[in-house]
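These notes are about the structure you will find just below.
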Protein chains: 2
Amino acid sequence: MQENDDAGMTQRVHRQLRSDLLLGRLAPGLKLKVQTLGATYGAGASPVREALSSLAAEGLVQRIDGRGFRAAPASVEDFDELVRARCWLEEVVLRESITAGDVAWEERLVVVRWRLSRIPRSVSAERFTHNPDWEVAHAAFHQVLLSACPSATLREMAETLRERAERYRAIANVAAYPGRDVAAEHEAIAEAALAREAATAVALLQAHYRATAGFLRHALAG
Amino acid sequence: MQENDDAGMTQRVHRQLRSDLLLGRLAPGLKLKVQTLGATYGAGASPVREALSSLAAEGLVQRIDGRGFRAAPASVEDFDELVRARCWLEEVVLRESITAGDVAWEERLVVVRWRLSRIPRSVSAERFTHNPDWEVAHAAFHQVLLSACPSATLREMAETLRERAERYRAIANVAAYPGRDVAAEHEAIAEAALAREAATAVALLQAHYRATAGFLRHALAG
DNA sequence: GATGGTAATTTTATCGATAAAAGGCGCGAA
DNA sequence: TTCGCGCCTTTTATCGATAAAATTACCATC
């Protein structure tokens with residue numbers, strides 16, 4: 001039924017581990033014992049260890065000298081650094097995406113903007129409950145926004161940072177952003193991008209990230 | 001005598017492998033067989049495999065589905081992409097380094113500029129022979145230039161790209177850059193940086209990279 | 001009750017072995 | 001000759017076992 005099931009033990013463990021890390025199921029700072037993980041995922045030491053090595057290079061896992069691995073610790077400082085890096089990196093990625101974007105890009109952007117605008121942020125109107133469809137559409141929006149940047153390297157770097165930021169969102173488990181109209185922010189960013197006003201679009205995107213960061217920082221610290 | 005000898009098999013293999021990759025001792029595209037490498041470095045399959053996994057995440061090695069690893073292929077296209085990414089990334093890293101650089105940074109920069117200016121590029125005056133001291137001083141110059149950027153994440157990303165570029169330099173084995181005064185280019189970049197003229201410094205740095213790239217591209221293709 | 005040292009237990013890092021998969025070779029048929 | 005097919009070899013991915021290192025638990029002493 002699915003596309004990938006027998007793609008090799010290592011791949012599977014790697015995907016699973018990354019997912020558990022990103023969703024906060026493996027808490028930041030948690031000691032990652034090879035045996036335990038192996039038992040959990042039904043794999044031996046080699047694949048687990050290999051997956052951990054990759055994830056360490058990606059920054060989701062930390063190697064501690066000769067005493068194993070741990071889930072990358074989360075802190076307000078690390079988070080601030082992450083947001084700063086993201087703002088600066090996406091400044092150039094978005095600018096170049098806008099510069100190089102063709103008609104097909106514009107159309108992709110229009111589509112994801114439309115989709116995002118139609119999906120409710122929360123499943124129920126009264127109490128906030130994460131809507132997975134919105135999450136997907138939101139990720140797609142940001143991905144498409146940057147997708148016309150000619151440098152795949154830079155796009156991948158931005159993607160890595162986005163994942164790390166998502167992890168913080170999962171950890172902090174922020175429900176809502178009072179006093180913000182997130183939909184309007186997305187709207188404005190898309191507008192500026194389509195109008196090819198790179199400087200405006202970048203400023204709006206950075207403001208968007210920094211606003212989100214403000215709430216997350218509060219949730220993390222408190 | 002040295003600082004690190006018994007730092008664990010994996011670390012050692014990792015360092016060794018990376019070095020062999022960067023110096024071109026392991027040719028681009030070469031099949032990397034776990035057994036062979038293990039024999040070469042005196043290690044078993046696990047450490048080698050683990051090291052290869054990390055290096056794959058760093059982009060120096062490629063995983064081929066379920067059929068092992070190979071040294072990352074080198075091509076003119078990949079090189080062009082690398083240079084482009086580097087120019088764009090370092091645009092912001094250098095700018096922020098200049099913005100945030102304090103007196104200590106200025107002084108570090110003055111020192112490495114001075115050192116670089118005093119060391120001959122080639123060991124002998126007649127026939128060009130790489131001078132390892134110059135290589136070191138050159139790397140230090142570029143590293144210090146960016147060192148005041150407050151984002152460690154971005155600095156590390158720039159460092160990764162620098163390594164990949166160095167690999168191409170080793171592969172292409174370019175002897176000299178006729179018609180260029182590389183020393184003067186470094187001088188001008190440092191001058192602009194010390195004068196806090198970020199835009200000028202960035203433009204000069206990018207021109208510096210693009211000029212080098214031109215020669216390398218020629219050497220690669222020819 | 002705190003402290004220091006030693007023994008028991010965990011955990012890591014690494015090896016060697018092995019099943020399964022991929023690749024290559026040679027032979028026979030068209 | 002060229003193509004296809006099955007056999008033999010190599011290589012991968014993975015497991016289970018193990019020595020060394022680190023942690024923890026425990027106990028006797030002050």
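Order of the sequence lines fixes the chain letters, A, B, ..., with proteins taken first and strands second; residue numbering starts at 1 for each chain.
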Among B:Arg84, B:Glu81, B:Arg86, the one residue meeting side chain to side chain donor-acceptor pair (under 3.5 Å) with A:Ser151: B:Glu81
A:Arg162 and A:Glu156 ion-paired at < 4.0 Å: no
DNA chain C contacts among residues 27-37 of chain A, heavy-atom distance under 4.0 Å: A:Lys31, A:Leu32, A:Lys33, A:Val34, A:Gln35
Interface limits on DNA chain C, where chain A has a heavy atom under 4.0 Å of a nucleotide atom: C:dT11 to C:dT14
Counterpart residues, ring pair (Phe, Tyr, Trp, His ring centres under 6.0 Å), relative to A:Phe215 (two or more places apart): A:Tyr177
Spacing of B:Leu21 atom CG and B:Leu32 atom CG [to the nearest 0.5 Å]: 6.5 Å
Criterion side-chain hydrogen bond (donor to acceptor under 3.5 Å, both in side chains) on B:Ser147 and B:Arg108, from CA distance to verdict: CA-CA 9 Å; B:Ser147 68; B:Arg108 286 202 303 278; 2.9 Å; yes
Pairs flagged by ring pair (Phe, Tyr, Trp, His ring centres under 6.0 Å) wherever residues 138-158 of chain A is involved - sequence neighbours left out: A:Trp134-A:His138, A:His138-A:His142, A:His138-A:His186, A:Phe141-A:His186, A:His142-A:His186, A:His142-A:His208, A:His142-A:Tyr209
Salt bridge present between A:Glu90 and A:Arg155 (N-O < 4.0 angstrom): no
Closest approach of B:Pro73 to B:Asp78 (non-hydrogen atoms, all atoms of both residues): O-OD2, 4.2 Å
Student check: side-chain heavy atoms of A:Val93 and A:Cys149 closer than 4.5 Å: yes
More than 12 heavy atoms of other groups within 6.0 Å of B:Arg25 CZ: no
Could you run down the sub-3.5 Å N/O contacts of the protein with nucleotides 20-23 of chain D?
from   : atom 1 : to      : atom 2 : distance (Å)
D:dT23 : OP1    : A:Arg67 : NH1    : 3.4

N-O pairing of B:Arg121 and B:Glu135 below 4.0 Å: no
Of residues 38-57 of chain A, the positions that come close to DNA chain D - non-hydrogen atoms, cut-off under 4.0 Å: A:Ala43, A:Gly44, A:Ser46, A:Pro47
Side-chain heavy atoms of A:Ile64 within contact of A:Lys31, under 4.5 Å: yes
